[in-house]
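One structure, pasted below without further comment.
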Amino acid sequence: MEYDIQRIESHWQKQWKENKVFSVDIDHSKPKFYCLEMFPYPSGNMHMGHVRNYSIGDAMARFQRLMGKNVLYPMGYDSFGMPAENAAKKEGGHPHNVTERNIAMIRTDQERMGYSYDWSRTFATSTPEYYRWNQEIFIKFYEAGLVERRFAPVNWCNDCDTVLANEQVKNNRCWRCGLEVVQKDMAQWFLRMTEYADELLDDLDHIDFPENVKAMQRNWIGRSHGAHIDFPIVGDDSVIGAFTTRPDTIFGVTFVTLSPEHPLCELLVAGSEYEAGWRDLRDECSKMSEFERINMLKEKKGVPLGRFAVNPLSGEKVPIYAGNFVVASYGTGAVMAVPGHDQRDYDFAKKYGLPIKPVLSRIDGEEAIEENPVLDSLGYMTNSSREGFDGLFGDDAKAAVIEILESEGAGHGTVQYRLKDWLLSRQRFWGTPIPMLHCDNCGVVPVPSQNLPVELPLDVKFSWGESGNPLASNDNFLFTDCPKCGGPARRETDTMDTFYDSSWYFLRYGDSNNKSTPFDREVIDYWMEGGIDLYIGGIEHAVMHLLYARFFTKATRDLGMNTVGEPFGQLVCQGMLNAPAPFCIECNTEYHIDNFDGECPSCSKALGTRQAKMSKSLGNTVSPGVMVDRYGADTVRLFILFGANPEAGMDWSDNAIVSNARQMQSLIEAFESSQNFSNSPNQIDDWVLARMRLNHSKWKIAMENVSLREGVMISHFDMLSDWQWYRRRGGSDANTRNIFFTNWIPMLAPATPHIAEEFWSKIGGQEMVSELIIRDVATFDDDITHLSKETYLRNLIDSSRNIKGLAQRHSETPISSCIIQTAPDWKNALASSAISLKSTDFDFKKNGQDYVKSLDIFSMTELRGEIFQTWQSLILGNKKNRGKIYTWSEGEKSLISSKFDETELINNNAEFIAKALSVDSVTSYKVGDGDDIAGKARVSSPLDPGISFL
RNA sequence: GCAGGUGUACCCGAGUGGUCAAAGGGGUCGGGCUCAAGUUCCGAUGUGUAGAACUUCGCAGGUUCGAAUCCUGCCUCCUGCACCA
């Protein structure tokens with residue numbers, strides 16, 4: 001058949017669409033399966049990363065449909081965001097138009113790949129039909145006390161009079177005017193995600209996420225148990241509250257360090273000689289962005305504040321410092337410094353000549369010693385200035401200190417999180433307007449539900465000349481009446497972080513045409529039971545999106561909107577796609593593909609090649625459109641799925657895609673060349689059907705485990721090579737073909753659905769494969785025998801080939817015939833007995849010898865040596881292998897037990913074997929029934945005949 | 001530094017106690033079909049040998065009759081987090 005890719009693929013895509021085969025509704029008679037990929041930001045055409053993501057999801061959706069599941073498989077667009085705004089500025093249009101155009105492009109690409117989405121549920125988050133529910137949920141959160149408006153520091157440029165996004169700050173300077181950026185407090189909207197910190201962390205133990213994602217989320221939430229300890233300030237009523245995870249080192253505190261921004265600093269130094277030093281340090285720190293503060297801070301610096309604090313347990317007076325390494329936003333912004341057991345404090349103490357007091361020892365009862373590097377692991381308390389602590393270790397020590405702190409009102413056990421509340425507001429246009437009003441009389445007022453959505457105006461001009469958020473200068477948008485008092489009010493002009501949109505979109509898919517609520521509870525409980533059954537996306541969203549979505553699901557659950565608390569039942573993060581890029585070993589740097597075969601731009605050495613993540617900046621991307629035009633969607637999908645398992649990284653290879661195209665061609669060839677079969681049964685029929693049944697069950701298990709590479713290997717490679725072997729062995733029976741292909745074609749559908757439909761229609765399938773439900777293929781009792789016989793034959797040919805090469809070297813004339821001596825009856829009988837004895841509790845060690853001696857054949861004295869040898873190899877084996885009764889497969893054992901006639905099988909297939917070995921003749925007889933050629937009689941054993949060549 | 005992962009033949013990659021010199025794919029080499037090419041089919045691809053033996057699954061030890069697989073230590077590379085108290 002001519003493989004007319006374009007015709008076949010467009011034909012079936014049209015059929016699927018016209019017959020709405022992928023539309024689903026609630027159906028309680030079937031188990032549901034919710035398969036979802038992270039929806040894309042529509043930036044234009046689909047790229048290879050998308051293709052990989054969706055090919056995995058589509059294969060699973062199609063597989064689960066075949067398994068009889070009611071599959072929800074939707075697609076939509078995460079279409080709010082800055083790029084659309086920037087594109088609009090560039091083109092002088094509106095982000096809305098840019099977005100609509102891009103969505104149309106990517107959707108065309110997706111349809112061309114043949115993905116089986118239920119398009120009736122699709123939506124884009126930038127439409128009022130979607131974002132009005134963002135607003136509705138926001139107000140519900142507000143009413144539930146989860147929304148907070150408070151001041152937070154942002155990057156601010158004085159010259160441009162505007163907030164800058166992190167990406168717009170380069171080297172701490174404004175990207176536009178070059179002025180240094182400062183931190184400025186501004187009123188911002190927050191979602192109180194920290195309320196759910198414990199649940200978000202603890203539930204990780206019970207969900208099916210990859211370990212690295214769990215680790216990242218645990219890291220991000222960063223819960224640490226410790227103590228809050230109050231250090232009273234000498235000569236002042238205020239106290240310094242410090243957080244520590246190491247209360248067991250409290251007796252080693254020799255100073256206290258505050259972050260330079262700590263509000264107490266100013267109080268403490270006001271009017272003193274220390275004020276100037278502190279101001280310098282604070283200004284230096286405040287100039288730095290968060291990024292620099294964390295990543296570029298090399299030198300630990302501090303200034304004394306000239307005051308002292310009191311260690312609440314020991315009563316010792318210790319000096320107070322401000323230090324640039326103390327982070328204001330973590331804990332309380334104050335640290336009790338224990339230079340004896342904290343490396344940073346040690347370095348700091350050395351630099352400023354502060355005392356060092358070790359209070360932990362490695363061995364109970366030993367003195368604590370000053371050392372560098374310090375002992376910062378757990379130790380035995382010692383040198384404590386109060387009774388009852390020395391000798392305590394680890395958690396006991398911590399608990400004891402916390403207990404006394406609490407009893408004396410000087411502190412308490414506490415928990416700290418790294419996780420912060422979600423800063424939701426953005427000073428951007430292309431996002432969901434925050435549905436809040438500012439009224440002079442009533443303050444902040446939520447927009448009433450019946451007035452939603454607060455729509456983004458379309459009459460807004462975008463140009464590079466304008467700065468700030470166009471909403472702030474749009475009077476029609478800005479001015480309104482207060483719903484409470486009727487007086488004049490201004491709308492909030494900040495919009496929501498676009499991660500908000502993607503935090504619940506999977507809930508909307510269940511009920512995406514609902515006009516009265518975000519989603520109906522009963523509907524969503526059906527689809528979301530046990531979470532989304534398979535969620536597939538990139539690892540880059542491990543923390544942000546996945547954490548936000550988990551938070552959202554718990555929050556809406558607590559609002560009574562849904563039942564589940566965890567949105568994702570199983571998460572699969574697909575690996576990176578790599579392609580070759582020029583690489584300099586010296587500089588450890590990858591360069592743009594323009595540099596192939598050139599020299600390193602920085603060190604001038606010749607460039608090599610290395611696989612690197614596909615990226616625009618390297619130019620090593622591969623366009624899916626070009627590949628689909630050239631090879632077809634099926635081939636691209638096959639390449640993607642066969643190239644690597646979903647989680648593994650994957651290298652693009654031009655050779656490999658060509659070879660997958662060949663594989664497609666071979667499948668077609670195998671199919672076509674079997675269409676004119678007539679009824680001509682052959683003994684190999686049983687074998688190929690047994691193989692089919694075995695493969696089918698292995699395939700099903702692999703697919704259920706999302707081991708797509710393994711699944712595709714069985715469906716597209718193993719099945720084909722079995723079919724080719726069948727043909728080589730003379731198989732050409734129409735009935736066998738019908739059974740084989742009827743079972744095989746559906747297996748092809750998940751990865752290569754178009755060709756599967758084409759085949760299916762040609763063999764007279766009534767419905768489409770996409771509508772088919774397949775049953776388990778039951779194996780037959782004698783499958784194992786058919787498989788084992790053929791395996792025997794193939795093994796025989798393999799070893800004969802090997803031996804033939806050796807034999808040729810020992811022969812003066814060219815080899816022309818093969819003589820195979822099968823094991824004598826007594827060896828088979830011996831093996832058969834050993835097998836059946838093994839299934840009883842026979843003690844071979846104790847009774848083996850006696851058993852052999854009791855056999856009739858043992859009376860033949862000339863055989864005794866060989867008998868013992870055979871017995872040995874059956875039950876004991878040698879140094880390398882255990883006895884054969886332990887290593888034979890079930891099939892092999894059943895062949896032996898059933899007195900399988902090796903000679904007969906070989907002679908019946910002599911012609912085929914001869915051809916495979918390129919010899920004129922193959923003859924087989926039992927040892928003793930003919931001449932012992934090349935002394936092979938002795939080495940013959942059951943299933944392992946003596947092979948000789950003449 | 002902490003956490004998660006990784007290391008297998010020329011390359012990619014499967015393999016979790018013996019049936020393992022180790023699936024499958026790519027590459028390379030040889031052969032069939034063909035005037036030729038090949039969207040084709042067959043075979044070879046650690047050394048070696050009338051089927052032995054030997055060496056090999058990051059390195060070094062250990063457990064075991066037996067280790068790619070289990071244990072201990074070390075190294076490598078990747079990813080994430082980080083002066084986080």
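Sequence lines set the chain letters: A, B, ... in the order given, protein chains first and strands last, and positions in each chain run from 1.
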- Item | RNA chain B: 5'-proximal contact among A:F717 and A:T244 (nearest heavy atom) |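 It is A:F717, whose closest nucleotide lies nearer the 5' terminus.
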- Does A:R418 have a side-chain nitrogen or oxygen under 4.0 Å from the phosphate oxygens OP1 or OP2 of B:rA82?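 So the side chain of A:R418 is within the cut-off, an N or O lying under 4.0 Å from OP1 or OP2 of B:rA82.
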- Query: Are A:R801 and A:D798 within salt-bridge range, i.e. N to O under 4.0 Å?
  - Reply: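 A:D798 and A:R801: salt-bridged.
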- Item | From B:rG4, B:rA50, B:rG43, nucleotide with atom closest to A:R728 side chain |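 Comparing B:rG4, B:rA50, B:rG43 against the side chain of A:R728, the answer is B:rG43.
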- Please evaluate the base of B:rG25 for a donor-acceptor partner in the side chain of A:N660 within a cut-off of under 3.5 Å?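 No, the side chain and the base share no sub-3.5 Å donor-acceptor pair.
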- Query: Which nucleotide, B:rG80, B:rG24, B:rA50, lies nearest any side-chain atom of A:N219?
  - Reply: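 The nucleotide sitting nearest to the side chain is B:rG80.
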- Among B:rU49, B:rA85, B:rG4, which is the nearest nucleotide to the side chain of A:N802?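 Closest of the options to the side chain of A:N802: B:rU49.
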- Task: Describe the nucleic acid contact of A:K804 in one word from base, sugar-phosphate, nothing, applying a heavy-atom distance below 4.0 Å.
- Result: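 No contact.
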- Message: For B:rU49 and A:R809 - does any side-chain N or O of the residue sit under 4.0 Å from the phosphate oxygens OP1/OP2?
- Response: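 Looking at the OP1 and OP2 atoms of B:rU49, one of them is under 4.0 Å from a side-chain N or O of A:R809.
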- Output the single nucleotide from B:rG51, B:rG25, B:rA85 whose closest atom is nearest the side chain of A:V327.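 Of the options given, the side chain of A:V327 lies nearest B:rA85.
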- side-chain N/O A:Q724 vs B:rC41 OP1/OP2, d < 4.0 Å: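 Looking at the OP1 and OP2 atoms of B:rC41, one of them is under 4.0 Å from a side-chain N or O of A:Q724.
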- Task: Not counting sequence neighbours, list each pair that qualifies as a ring pair (Phe, Tyr, Trp, His ring centres under 6.0 Å) and has a residue in residues 635-666 of chain A.
- Result: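 Listed by first then second residue: A:F639-A:W652, A:F642-A:F717.
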- Do the side-chain N and O atoms of A:Y330 and A:S224 include a donor-acceptor pair separated by under 3.5 angstrom?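 A pair is found: one side chain offers a donor N or O, the other an acceptor, under 3.5 Å apart.
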- Just checking A:P247: base, sugar-phosphate only, or nothing, at a heavy-atom cut-off of under 4.0 Å?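 No contact at all - A:P247 keeps every heavy atom at 4.0 Å or more from the nucleic acid.
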- Query: Excluding sequence neighbours, so at least two apart, what forms ring pair (Phe, Tyr, Trp, His ring centres under 6.0 Å) with A:H225?
  - Reply: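 Once residues adjacent in sequence are excluded, A:H225 has no partner under the ring pair (Phe, Tyr, Trp, His ring centres under 6.0 Å) criterion.
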- Item | Sugar-phosphate only, base, or nothing, as touched by A:Y886 at under 4.0 Å among non-hydrogen atoms |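 The residue A:Y886 makes no contact with any strand.
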- Message: Filter on salt bridge (Lys or Arg N to Asp or Glu O under 4.0 Å), then keep only pairs touching residues 217-231 of chain A, sequence neighbours left out; what's left?
- Response: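 Listed by first then second residue: A:D198-A:R223, A:D202-A:R223, A:D205-A:R218.
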- Message: Base, sugar-phosphate or nothing for A:M713? Non-hydrogen atoms, less than 4.0 Å.
- Response: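 Base, at least one base atom sits under 4.0 Å.
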- Message: Side chains of A:P646 and A:L708, heavy atoms from C-beta outward: is any pair under 4.5 Å?
- Response: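 A side-chain contact under 4.5 Å exists here.
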- Would you classify A:G946 as touching base, sugar-phosphate or nothing, given that sugar-phosphate means primed atoms plus P, OP1 and OP2, and contacts are heavy atoms under 4.0 Å?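 Result for A:G946 = base.
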Output one line per pair: protein atom, nucleotide atom from nucleotides 26-33 of chain B, and distance, for all N/O pairs under 3.5 Å.
unit_1	atom_1	unit_2	atom_2	d
B:rG26	OP1	A:S659	OG	3.2

- Sidechain N-carboxylate O distance under 4.0 Å for A:E758, A:R7: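 The answer is yes: the pair qualifies as a salt bridge.
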- Determine which nucleotide pairs with B:rA36, using a 3.5 Å limit on both distances of a Watson-Crick or G-U wobble pair.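 Partner of B:rA36: none.
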- Could you check which nucleotide pairs with B:rA52 in any of the strands shown, counting Watson-Crick or G-U wobble with both distances under 3.5 Å?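 Looking at the geometry, B:rA52 pairs with no nucleotide.
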- Message: What contact category does A:V939 fall into here, base, sugar-phosphate, or nothing, at under 4.0 angstrom with non-hydrogen atoms?
- Response: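 Base contact - A:V939 has a heavy atom under 4.0 Å of at least one base atom.
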Check the interface with nucleotides 8-17 of chain B: list each N/O to N/O pair with the protein under 3.5 Å, or write none.
unit_1	atom_1	unit_2	atom_2	d
B:rG13	O2'	A:R709	NH2	3.4

- Task: For RNA chain B, determine which residues of residues 334-350 of chain A have any heavy atom closer than 4.0 angstrom to one of its atoms, and list them numerically.
- Result: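 Contacts with RNA chain B under 4.0 Å: A:V335, A:R344.
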- Task: Side chain of A:I947 only, please: which of B:rG51, B:rU79, B:rA85 is the nearest?
- Result: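 Nearest to the side chain of A:I947 among the choices is B:rG51.
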- Task: Starting from the 5' end of RNA chain B, give me the residue, A:A215 or A:I539, whose nearest nucleotide shows up first.
- Result: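 Here A:A215 is the residue nearer the 5' end.
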- Item | Whole-Å distance separating the CG atom of A:N324 from the C1' atom of B:rC83 |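 Atom CG in A:N324 sits about 9 Å away from atom C1' in B:rC83.
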- Message: Can you tell me which nucleotide in B:rG4, B:rC81, B:rG51 comes closest to the side chain of A:S799?
- Response: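 Ranking B:rG4, B:rC81, B:rG51 by closest atom to the A:S799 side chain puts B:rG51 first.
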- Measure from NZ or CZ of A:R728 to the centre of the six-membered ring of A:W723, then state whether that distance is under 6.0 Å and the direction lies within 45° of the axis.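 Negative - A:R728 is either too far from the ring of A:W723 or too far off its axis.
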- Between the side-chain atoms of A:K214 and the base atoms of B:rG4, is any donor-acceptor pair under 3.5 Å?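 It does not, because no donor-acceptor pair links the side chain of A:K214 to the base of B:rG4 below 3.5 Å.
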- Query: Will you find, in the side chains of A:S941 and A:K884, an N or O donor that is under 3.5 Å from an N or O acceptor?
  - Reply: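 The answer is yes; a qualifying pair exists.
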- Return the nearest nucleotide to the side chain of A:S666; candidates are B:rC41, B:rA50, B:rA85.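 Side chain of A:S666 sits closest to B:rC41.
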- Task: Give, for atom SG of A:C573 and atom CD of A:E647, the distance between the pair rounded to the nearest 0.5 Å.
- Result: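 Between atom SG of A:C573 and atom CD of A:E647 there are 8.5 Å.
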- Stacked cation flag A:R729 on A:F912, 6.0 angstrom / 45 deg: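 Pair A:R729/A:F912 counts as cation-pi.
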